[in-house]
Amino acid sequence: MIQEKGENLPKFLIDKGNISGNRGKICGGDAAHIVRVLRLGAGDAVTVCDGEGTDYEAEIVKADSDCVQIQIRRSYFCETEPKIAVTLFQGLPKAAKMEYIIQKCTELGIAEIVPVTTRRTVVKIEDAKAEKKKLDRWNKIAFEAVKQCGRGKVPKVLPVADICDICREISHFDLIILANEAEREQSLRGVLRSFSDVSKVGIIIGPEGGFDPDEVTQMQSCGAVSVTLGKRILRTETAGHTVLTAVLYEFGELE
């Protein structure tokens with residue numbers, strides 16, 4: 001049974017597949033850290049998180065530097081996850097920028113990240129094999145960022161989409177924000193303050209060259225809300241987590 005959170009213990013993120021019943025294991029670098037750095041052993045307590053929103057208070061049964069065996073005492077909901085699920089639709093930038101975006105948005109609390117190809121996208125993914133390689137890399141970055149920031153869920157980096165894919169998804173959101181440097185009337189602040197209750201929000205950010213005007217019109221016609229981010233033009237690697245921070249702040253997730 002999931003209970004309320006207990007005492008503050010060293011916390012480790014593990015794959016849910018490493019938990020079976022009331023037993024589990026912590027392997028790899030974290031096991032070495034437990035044994036060699038923290039100097040923990042049999043009988044000591046730790047917290048593990050399954051990456052899906054549940055924390056487990058556990059006792060070490062056996063401690064080796066390659067794998068630590070644990071017995072689970074109890075489980076409880078992780079308190080570090082936002083109540084609002086935010087998806088970032090990110091126009092594909094150059095590789096290092098995409099990795100930065102994933103890392104920072106994961107730290108802030110993003111639920112999903114969808115890489116998007118547009119007319120002005122410079123980066124091209126040649127085939128399914130190349131896409132899988134990138135997705136594996138991006139999801140690994142999200143996993144490592146969760147370990148660093150203590151979140152309870154690992155956000156998913158989903159397969160590459162296009163503008164038509166975004167338009168098909170818009171109706172599934174309570175609000176979907178389109179950052180548009182050509183927008184002159186609607187501010188991000190004004191739009192956010194016109195909504196009092198949302199549970200699922202989308203953010204659309206263009207690539208380095210921005211969106212083609214026809215793409216903006218297409219997304220607006222499907223329900224995306226075009227907003228300005230102010231008088232200064234933000235880089236694509238800055239815009240996403242800027243809007244995410246504003247959304248989380250406005251709906252009380254940074255308290």
Side-chain angles (χ1 to χ4, degrees), residues 82-94 96-123 155 157-158 160-255:
K83 294 180 177 64
I84 300 175
V86 184
T87 298
L88 172 65
F89 295 92
Q90 173 64 53
L92 268 172
K94 295 177 182 178
K97 293 181 180 181
M98 189 63 182
E99 294 178 4
Y100 175 83
I101 291 165
I102 292 168
Q103 183 185 66
K104 298 309 172 190
C105 287
T106 296
E107 291 175 12
L108 283 165
I110 201 77
E112 294 178 332
I113 298 173
V114 183
V116 180
T117 57
T118 73
R119 291 181 186 175
R120 296 178 180 174
T121 299
V122 175
V123 176
V157 184
L158 300 177
V160 178
D162 59 24
I163 299 298
C164 291
D165 293 324
I166 293 178
C167 287
R168 282 191 287 269
E169 291 296 316
I170 287 175
S171 63
H172 299 153
F173 291 83
D174 299 316
L175 168 64
I176 191 155
I177 299 161
L178 169 60
N180 178 15
E181 62 186 60
E183 179 63 48
R184 295 293 180 266
E185 297 180 3
Q186 294 190 111
S187 69
L188 174 60
R189 183 186 186 191
V191 168
L192 291 178
R193 293 195 170 184
S194 69
F195 285 79
S196 59
D197 184 22
V198 296
S199 60
K200 191 173 183 182
V201 175
I203 299 168
I204 308 173
I205 303 295
E208 285 95 340
F211 288 113
D212 182 276
D214 289 342
E215 293 174 325
V216 172
T217 300
Q218 182 181 355
M219 289 185 283
Q220 284 182 289
S221 69
C222 294
V225 180
S226 174
V227 302
T228 175
L229 301 184
K231 297 178 180 179
R232 294 165 297 281
I233 297 175
L234 303 183
R235 293 177 180 268
T236 187
E237 67 270 29
T238 306
H241 64 262
T242 298
V243 179
L244 174 59
T245 302
V247 169
L248 295 176
Y249 174 81
E250 189 62 34
F251 294 111
E253 295 289 352
L254 295 183
E255 295 178 350

Report task. Could you walk me through whether K97 and E208 pass salt bridge (charged side-chain N to carboxylate O under 4.0 Å, His left out), step by step? Result -> CA-CA 10 Å; K97 293 181 180 181; E208 285 95 340; 3.5 Å; yes
Query raised in the report: Going through the checks in order, is the side chain to side chain donor-acceptor pair (under 3.5 Å) test met by T121 and T118?
Result: CA-CA 5 Å; T121 299; T118 73; 2.9 Å; yes
Requested in this report: Could you tell me whether E215 and R120 make a salt bridge, using a distance below 4.0 angstrom between a side-chain N and a carboxylate O?
Outcome: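 Judged by the 4.0 Å cut-off on N to carboxylate O distance, E215 and R120 do not form a salt bridge.
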**Report entry** Ion pair check, R193 and E250, cut-off under 4.0 Å
**Finding:**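 Yes, this pair counts.
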Quick one: does [X]'s side chain get under 4.5 Å of [Y]'s, heavy atoms only?
X    : Y    : result
V114 : L88  : no
R168 : D165 : yes
V247 : L192 : yes
I177 : I204 : no
V191 : L175 : yes
L254 : T245 : yes
P155 : I113 : no

Taking atom [atom1] of [X] as the centre, does the number of heavy atoms from other residues, nucleotides or ligands within less than 6.0 Å exceed 12?
X    : atom1 : answer
Q218 : CD    : yes
R119 : CZ    : yes
F195 : CZ    : yes
R189 : CZ    : no
K200 : NZ    : yes

Can you measure from [atom1] ([X]) to [atom2] ([Y]) and round to the nearest 0.5 angstrom?
X    : Y    : atom1 : atom2 : result
F89  : I163 : CZ    : CD1   : 10.0 Å
T217 : F211 : OG1   : CZ    : 12.0 Å
K104 : T238 : NZ    : OG1   : 11.5 Å
K83  : F251 : NZ    : CZ    : 14.0 Å
E253 : I84  : CD    : CD1   : 5.0 Å
Q90  : E237 : CD    : CD    : 9.0 Å

Requested in this report: Report the C-alpha distance between N180 and V227 in whole Å, list the side-chain angles of each, state the deciding distance to 0.1 Å, and finish with yes or no for side-chain contact (heavy atoms from CB on, under 4.5 Å).
Outcome: CA-CA 6 Å; N180 178 15; V227 302; over 6 Å; no
If I compare all heavy atoms of [X] with all of [Y], which pair ends up nearest, and what's the gap?
X    : Y    : answer
L248 : P82  : CD2-CB, 4.2 Å
T236 : P93  : CG2-CB, 3.9 Å
I203 : G240 : CD1-O, 4.4 Å
I176 : A224 : CG2-CA, 3.5 Å
L244 : C105 : CD2-O, 3.7 Å
L229 : L188 : CD2-CD2, 4.0 Å

Requested in this report: Evaluate side chain to side chain donor-acceptor pair (under 3.5 Å) for E183 paired with T228, printing each intermediate quantity in order.
Outcome: CA-CA 5 Å; E183 179 63 48; T228 175; over 6 Å; no
Query raised in the report: Which residue, V243, I166, I170, V216, forms the side chain to side chain contact (heavy atoms under 4.5 Å, CB included) with L178?
Result: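 Result: among V243, I166, I170, V216, V216 is the only option passing the side chain to side chain contact (heavy atoms under 4.5 Å, CB included) with L178.
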Query raised in the report: Under the 3.5 angstrom rule, does the side chain of T117 hit a backbone N or O of A161 as a donor-acceptor pair?
Result: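 Yes, T117 side chain to A161 backbone: donor-acceptor pair under 3.5 Å.
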